[in-house]
Amino acid sequence: MVRIDLLAGAALALALSAGPAWAQDLQTPPVAPPPPPVEGMSTDPDQVRFSAGSLEYDTDTDVVTALGDVRMFRTGDRLRADQVVWNRKTGKVVATGNIAITNPEGDIAYGDSIELTDSLKDGMVENMLVVLEQGGRMAARQGLRETDGTIELRDAAYSPCAVTNSDGCPKNPSWKITAVRITYRPDRQRIYYRGGKFHLFGLPAIPLPSFSHPIGPGSESGLLSPIFRYSQVNGLQVATPYYFRLAPNRGLTLTPHVFTSVLPMLQADYSMLDEHGALRVTAYGTRSRRSDDLNALANTPTEQAFRGYLDSVGRYQFTPEWSLSESVRLSTDKTFLRRYDISRDDRLRSTARLEHIDRDSYFAVTGWYVQTLRANDKQGFQPVALPEIDYRRRIADVAGGVVQLQANSLALSRSSGQDTQRAFISAQWDLRQITRWGQLVTLTGYARGDAYNTQDTLATSVVSYRGIEGFQTRGIAAAAVDVKWPFVGDFFGGTQRLTPEVQIVASPQLANLVVPNEDSRAIDLDDTNLFALNRFAGYDRFEDTSRVTYGVEWALSLPGISLRTQIGQSYRLATRMTILPNGTGLAERFSDYVGRTELRIRDFVSITHRYRLDKDGLAVRRNEIDATVGSRKSYVVVGYLRLNRDIMPSIEDLQDREEARVAGRIQFKRFWSAFGSAVVDLTDRNEDPLSLSDGFDPLRTRLGVQYEDDCIRLGLTWRRDFVTNGDARAGNSFLLTLALTNLGR
């Protein structure tokens with residue numbers, strides 16, 4: 001027997017045709033090919049390359065023994081052990097002590113001893129532990145590693161969960177699967193079980209049939225996590241989704257929903273992604289009785305009917321400039337979405353848009369359809385737009401400024417209401433300059449020509465929305481100058497900025513009421529439109545007054561703290577009548593005061609307050625607060641809105657209301673958290689004479705508890721709806737959620 005040291009190892013490796021010797025960390029797959037062999041060595045990738053602290057070679061038996069941190073490599077397979085004995089005659093390799101075997105996919109198998117062939121691709125391992133590159137562990141008393149990389153485990157267990165706590169001490173996984181036999185196929189990224197049992201938090205085991213599941217980010221056909229829900233309307237609900245992998249870029253999920261109180265419902269989800277874009281389609285279908293609010297109150301019997309919902313979203317990018325997008329949302333009736341707890345939207349909008357966008361221009365052809373889900377709204381009054389055509393172009397360096405050109409046309413039709421066609425051409429010139437004193441001055445000129453054609457105006461109940469029947473034209477012109485003067489200075493170790501702003505707008509009187517009002521039916525003065533050229537939201541109405549607007553903004557920036565507050569008002573220079581009704585804050589020459597305050601303290605506090613105060617008595621006409629306090633693990637979200645504008649319901653779509661919202665989550669242990677939310681209607685008859693609320697009517701509440709660690713999410717949620725809308729009745733519902741990493745997701 002011959003014993004040599006490490007420096008002689010390479011020479012012996014060359015003599016044995018084992019290739020060059022070098023060390024490789026088995027915990028991390030190689031990111032580069034092995035270093036080139038020294039001159040004279042074999043470059044055959046099938047040769048075994050290795051390094052060791054020392055080598056012993058028995059010339060009589062032709063046995064090589066490698067000792068001390070032995071590392072072997074061959075065509076992507078790697079081995080690390082304390083000792084490796086290689087019989088060159090039989091090709092048998094036996095490794096013992098701290099064994100780690102890594103395959104080309106990056107999975108690592110640990111064991112006490114292993115018997116391999118000299119290809120390093122197959123062998124039997126005692127007390128085997130496999131750590132998967134995609135996450136998860138498999139352990140067995142004995143494992144067989146085959147030539148193609150397949151691993152067969154006997155008396156084995158699998159879990160993606162951590163087996164040690166934060167202190168590094170051993171712990172039982174949250175869930176695991178034990179089986180008589182587990183087969184792992186790296187080529188398919190899939191694990192197969194026979195004679196399996198499911199263990200959750202140490203509870204009694206649940207027997208499982210023979211099944212398999214994928215690991216890693218890829219997708220395969222199979223069952224997904226079930227859904228359990230209970231509601232007073234539908235009873236107990238069990239949903240078992242099944243995913244069909246149609247192609248690497250396409251998939252279909254079918255989910256039968258089975259109820260104890262109503263007929264089953266089928267849900268289908270299809271998704272697709274290719275080089276041009278993506279598409280997602282969701283559809284629901286069932287048969288049940290349906291009714292609106294009137295039928296429910298009158299106890300009118302209803303008939304069984306097909307009920308369903310279609311939701312589709314897609315976008316396709318044909319070239320860097322041209323794209324097509326669509327969004328379709330259609331329901332068979334007004335209460336289906338709430339009855340089956342799919343959505344609480346009261347209107348559904350379907351849209352299709354073809355767009356061309358480049359550096360200086362924008363072109364779009366858009367069509368949309370609106371479906372109302374409000375009980376007292378008639379579908380015939382909802383508009384269909386076919387089409388809206390919009391073209392915009394920017395031209396730089398025109399008299400030192402920038403010109404924005406726009407051409408727009410829109411056709412709205414209703415089956416039982418007013419039809420409107422509109423077209424306009426506009427041009428806006430903006431010149432921005434900074435004076436030698438640091439003032440930012442903006443000069444604006446605006447001109448637009450409109451043409452309208454209207455039919456069936458008497459079908460619109462609000463007179464100010466109708467316009468005059470037939471063909472009408474209108475011209476619009478406006479000029480404005482806006483001056484901002486920021487002052488910046490130090491403040492308690494931070495920076496403060498005080499910015500007064502003054503704007504003057506001049507616009508001649510317009511024939512606003514001769515054309516219909518389709519897109520400007522609700523106006524409310526706030527901080528976002530205080531300095532706007534037109535404070536109406538759409539195109540059908542334009543604020544034809546000369547006015548001066550003034551305000552001030554103060555911003556403070558300290559380490560970890562930012563504060564920004566703004567307040568302003570406008571004064572109408574002209575004394576003529578205005579189309580702005582009382583309650584908008586703009587009806588009189590002096591407007592109401594509007595403001596906004598934002599406070600942020602690191603990532604812990606975020607508060608936004610928006611308000612409008614009556615100019616005469618400082619009565620609060622709008623009060624809106626949104627606040628978030630806490631971290632990602634524990635937080636509270638509070639929202640409050642009050643509109644007290646005193647506008648007649650017959651002339652304004654936006655009605656007075658008062659509402660409070662609260663939501664929060666508290667993590668009371670490392671993996672445990674409780675959450676809840678509530679929405680309360682605070683509106684009373686003093687704010688809305690038509691309101692049936694007594695000033696404190698809960699709309700919906702939710703409470704729940706959840707456990708979530710690295711491999712499982714388990715939660716129970718209780719929710720109560722307080723509003724009955726047809727067959728979507730008020731009542732309690734419960735939802736049980738269970739999501740397991742690498743299993744049914």
Side-chain angles (χ1 to χ4, degrees), residues 246-247 249-252 268-283 309-331 343 345 347-373 379-396 402-415 417-428 446 448-455 515-521 534 536-540:
L246 305 178
N249 64 329
R250 292 183 293 117
L252 173 66
D269 297 90
Y270 173 79
S271 59
M272 181 273 294
L273 175 67
D274 60 22
E275 64 273 12
H276 294 300
L279 173 66
R280 178 190 59 78
V281 180
T282 300
Y309 171 61
L310 178 65
D311 185 349
S312 172
V313 177
R315 182 175 178 85
Y316 309 92
Q317 194 74 38
F318 304 115
T319 69
E321 296 82 20
W322 284 98
S323 66
L324 175 66
S325 59
E326 60 87 12
S327 174
V328 177
R329 301 186 69 194
L330 296 172
S331 179
S343 171
D345 293 339
R347 287 180 179 174
L348 303 179
R349 178 164 170 161
S350 299
T351 306
R353 177 178 290 117
L354 177 66
E355 290 180 297
H356 179 278
I357 304 175
D358 59 29
R359 179 179 177 181
D360 294 315
S361 68
Y362 172 81
F363 171 76
V365 179
T366 307
W368 71 79
Y369 167 80
V370 178
Q371 180 183 8
T372 180
L373 303 183
Q379 183 60 43
F381 290 161
Q382 303 304 312
V384 179
L386 287 174
E388 180 187 23
I389 302 175
D390 191 41
Y391 176 75
R392 308 181 192 192
R393 185 165 188 85
R394 181 181 64 180
I395 303 175
V402 177
V403 171
Q404 301 277 353
L405 301 176
Q406 182 179 7
N408 181 280
S409 68
L410 173 65
L412 296 178
S413 60
R414 297 175 175 87
S415 59
Q418 177 174 315
D419 297 335
T420 301
Q421 297 86 44
R422 178 194 72 196
F424 71 80
I425 298 176
S426 69
Q428 180 171 327
Y446 183 77
R448 197 176 93 196
D450 299 344
Y452 283 80
N453 186 32
T454 311
Q455 300 87 32
V515 300
N517 183 1
E518 297 280 5
D519 61 9
S520 303
R521 295 186 174 184
N534 179 30
F536 284 97
Y539 296 112
D540 292 337

(message) When you measure from the side chain of Asp419 to the backbone of Arg414, do you find a donor-acceptor pair of N or O atoms at a distance under 3.5 Å?
(response) yes
What residues, two or more places apart in sequence or in another chain, satisfy side-chain contact (heavy atoms from CB on, under 4.5 Å) together with [X]?
X      : answer
Gln317 : Arg315, Ser323
Ala385 : Trp368, Leu410, Leu412
Leu330 : Val328, Ser350, Tyr369, Gln371
Asp390 : Tyr362, Arg392, Gln406, Asn408

Can you sort out the partners of [X] under ring pair (Phe, Tyr, Trp, His ring centres under 6.0 Å), two or more places apart, ordered by chain and number?
X      : result
Tyr539 : Phe424
Tyr446 : Phe542
His276 : none
Tyr270 : none

(message) One pair to check against side-chain contact (heavy atoms from CB on, under 4.5 Å): Phe363 and Ile389. What are the steps and the verdict?
(response) CA-CA 8 Å; Phe363 171 76; Ile389 302 175; 3.9 Å; yes
(request) Could you please spell out the steps behind the side-chain contact (heavy atoms from CB on, under 4.5 Å) verdict for Ser426 and Gln404? (result) CA-CA 8 Å; Ser426 69; Gln404 301 277 353; over 6 Å; no
(message) Under 3.5 Å, is there a donor on one side chain and an acceptor on the other for Thr366 and Glu388?
(response) no
(request) Can you run down the salt bridge (charged side-chain N to carboxylate O under 4.0 Å, His left out) pairs that involve residues 269-282, sequence neighbours left out, and say none if there aren't any? (result) Arg280-Asp311
(message) Enumerate the salt bridge (charged side-chain N to carboxylate O under 4.0 Å, His left out) contacts for residues 357-367, please, sequence neighbours excluded, ordered by first and then second residue.
(response) Asp360-Arg394
Are [X] and [Y] packed together at the side-chain level, in the sense that at least one heavy-atom pair is separated by less than 4.5 angstrom?
X      : Y      : value
Leu386 : Ser413 : no
Leu405 : Tyr391 : no
Pro516 : Gln418 : yes
Asp540 : Arg422 : yes

(request) Take Glu326 and Ser312 through the test side chain to side chain donor-acceptor pair (under 3.5 Å) and record every step on the way to the result. (result) CA-CA 8 Å; Glu326 60 87 12; Ser312 172; 2.9 Å; yes
(request) Evaluate side chain to side chain donor-acceptor pair (under 3.5 Å) for Thr372 paired with Gln379, printing each intermediate quantity in order. (result) CA-CA 6 Å; Thr372 180; Gln379 183 60 43; 5.5 Å; no
(request) Kindly give the heavy-atom pair with the smallest separation between Val370 and Gln382, and that separation in Å. (result) O-CB, 3.4 Å
(message) Ignoring hydrogens, what is the shortest heavy-atom contact between Ser415 and Gly380? Give both atom names and the distance.
(response) OG-CA, 3.2 Å
(message) According to salt bridge (Lys or Arg N to Asp or Glu O under 4.0 Å), who are the partners of Arg250, at least two apart in sequence or on a separate chain?
(response) none
(request) With sequence neighbours left out, write down each residue that passes salt bridge (Lys or Arg N to Asp or Glu O under 4.0 Å) with Asp450, or none if nothing qualifies. (result) Arg448, Arg474
(message) Within a 6.0 Å radius of atom CG on Leu354, are there more than 12 heavy atoms belonging to other residues, nucleotides or ligands?
(response) yes
(message) Working note: Leu348 + Ser331, criterion side-chain contact (heavy atoms from CB on, under 4.5 Å); need CA distance, chi angles, decisive distance, verdict.
(response) CA-CA 8 Å; Leu348 303 179; Ser331 179; 3.9 Å; yes
